[in-house]
There are 2 protein chains.
Amino acid sequence: MSKMHKEHTLTKNQQIIFDLIDKSPEPMKAYSILFNVQKKGINAPLQVYRALDKLVEIGKIHKIESRNAFIACHNSSCQVAKATAFSICEICEKVTEISSTGLSKYLANFKDKDGMKYSKYNLEFFGLCKKCTLK
Amino acid sequence: MSKMHKEHTLTKNQQIIFDLIDKSPEPMKAYSILFNVQKKGINAPLQVYRALDKLVEIGKIHKIESRNAFIACHNSSCQVAKATAFSICEICEKVTEISSTGLSKYLANFKDKDGMKYSKYNLEFFGLCKKCTLK
DNA sequence: TAACATTATGTAATAATATAACATTAATAT
DNA sequence: ATATTAATGTTATATTATTACATAATGTTA
Ligand SMILES: [Zn+2]
Ligand SMILES: [Zn+2]
Ligand SMILES: [Zn+2]
Ligand SMILES: [Zn+2]
């Protein structure tokens with residue numbers, strides 16, 4: 001049997017935290033998440049970080065490394081947790097996941113001169129979004 | 001007169017911290033830097049972070065975002081503080097700056113479908129270095 | 001030079017991000 | 001049923017980074 005797209009049933013904490021991130025229009029930071037889910041019985045940072053770790057691992061969310069923040073994946077439950085690219089507006093901090101076949105092919109095939117084999121990459125572009133360019 | 005490569009004269013703190021990072025075989029973290037320069041009269045985190053900020057700004061060092069660590073630029077005093085690419089070994093944590101004309105051209109010219117104009121990017125590849133592959 | 005502006009420094013306190021350690025419970029596999 | 005693995009709850013602590021404020025050094029201009 002070929003390796004299929006495994007459906008991960010989220011646990012209660014994972015689901016609560018995913019739902020929150022998923023409906024957020026912007027990347028969320030761990031302690032902001034914590035603050036928002038305390039009414040639902042999640043009290044400690046570690047509970048948040050554990051859920052975040054798992055969600056990142058299964059590709060439901062991604063971490064924006066330069067911002068220490070998390071966004072939901074909208075590439076129809078991302079197969080590409082290991083190949084991520086984002087655009088980040090340096091004024092309004094809007095973050096968008098880039099899904100470009102050309103880009104991902106180029107990067108997946110990229111070989112450096114040391115012949116290192118890559119299994120994963122993360123790319124963050126910075127600039128001004130349309131809205132902020134017009135201001 | 002054309003825009004030339006500006007030589008930045010480093011201040012005392014900046015020089016001390018740059019020298020330390022420059023001779024380190026691996027990326028250094030801020031508090032490890034602090035520990036190492038205390039004998040030279042740099043006592044507080046803020047002194048380190050201020051020097052790091054400046055050194056990053058002028059392209060003498062780069063921050064490895066996924067590791068919260070800093071490495072010296074070895075692209076002959078990098079013009080490309082705004083266009084960085086690294087390979088990171090997930091076992092030994094060896095980090096190498098990638099300098100590939102093809103890659104940087106490709107990324108500099110990349111346009112997403114929203115037509116966002118990028119002024120900067122950071123790319124981190126993950127995998128196993130040669131040494132770790134053989135183990 | 002004097003006045004002003006800009007950049008860097010020193011120091012203390014604190015904020016923000018993330019993990020260690022340990023006990024317990026739930027879910028899965030044999 | 002039992003063993004194993006994964007998830008949870010809780011407390012404490014480690015790590016990373018910034019705010020606020022006072023002072024000193026440097027660069028610019030008149
Ligand atoms: Zn995605
Ligand atoms: Zn914007
Ligand atoms: Zn460089
Ligand atoms: Zn290695």
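What you see is a predicted model; the values in this text were computed from it and never measured. Here is how names work: the chains are called A, B, and so on, in the same order as the sequence lines, proteins then strands, and each is numbered from 1. Side chains included, hydrogens not; waters and symmetry mates left out as well; all remaining heavy atoms used.
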With distance as the sole test, does A/Asp114 use its side chain to make a donor-acceptor pair with the main-chain N or O of A/Met116 at under 3.5 Å? no

Checking C/dA20, D/dT8, C/dT11 against the side chain of A/Gln14 (C-beta onward), the nearest is D/dT8

Rounded distance (Å) that lies between atom P of C/dT7 and atom NZ of B/Lys54: 7 Å

Would you please indicate yes or no on a ring centroid separation below 6.0 angstrom for A/Phe110 and A/Tyr121? no

Do any side-chain nitrogens or oxygens of A/Asn68 fall under 4.0 Å of OP1 or OP2 in C/dA18? yes

Could you see if B/Tyr31 belongs to whatever hydrophobic cluster contains B/Ile42? Use Ile, Leu, Val, Met, Phe, Trp, Tyr and a side-chain cutoff under 4.5 Å. yes

Could you tell me the separation between the CD atom of B/Glu57 and the C1' atom of C/dT6, rounded to a whole number of Å? 13 Å

Tell me: CD1 of A/Ile16 to P of D/dA7, nearest whole Å? 15 Å

Just how far is it from atom CD of B/Glu124 to atom CD1 of B/Ile98, taken to the nearest 0.5 Å? 10.0 Å

A/Arg67 CZ to C/dA18 P: how many Å, rounded? 14 Å

Is the phosphate of D/dG9 approached by A/Gln47 (side-chain N or O, under 4.0 Å from OP1 or OP2)? yes

Whole-Å distance separating the CG atom of A/Leu52 from the P atom of C/dA18: 9 Å

Backbone N or O of B/Phe18 within a donor-acceptor pair of the B/Asp22 side chain at under 3.5 Å? no

Grouping I, L, V, M, F, W and Y whenever their side-chain heavy atoms are under 4.5 Å apart, do A/Met28 and A/Ile61 come out in a common cluster? yes

Side-chain N or O of B/Lys63 less than 4.0 angstrom from OP1 or OP2 on D/dA17? yes

Minimum-distance nucleotide to A/Ala44 side chain [options: C/dT9, D/dA17, D/dT10]: D/dT10

Whole-Å distance between C/dA20 P and A/Tyr49 OH? 13 Å

Report the distance from atom NZ of A/Lys29 to atom P of C/dA15, rounded to the nearest whole Å. 16 Å

Stems involving DNA chain D: give each as a range paired with a range, ordered by first number, where a stem means at least three consecutive Watson-Crick or G-U wobble pairs under 3.5 Å. C:1-30 with D:1-30

Quick one: which of D/dT10, C/dA12, D/dG9 gets closest to the side chain of B/Leu46? C/dA12

Atom CG of B/Leu10 to atom P of D/dT26: distance rounded to whole Å? 14 Å

Below 4.0 Å: OP1/OP2 of D/dT10 and any side-chain N or O of A/Asn43: yes

Say you draw a straight line from CD1 of B/Ile71 to CD of B/Glu97; how long is it, rounded to the nearest 0.5 Å? 5.5 Å

Are any of B/Thr11's side-chain N or O atoms less than 4.0 Å away from OP1 or OP2 of C/dT7? no

Under 3.5 Å side-chain donor-acceptor pair for A/Glu65 and A/Asn122: no

hbond_proxy B/Tyr31 side chain to D/dA14 base (donor-acceptor, 3.5 Å cutoff): no

When you measure from the side chain of A/Arg50, which nucleotide among C/dA20, D/dT8, C/dA12 comes out closest? D/dT8

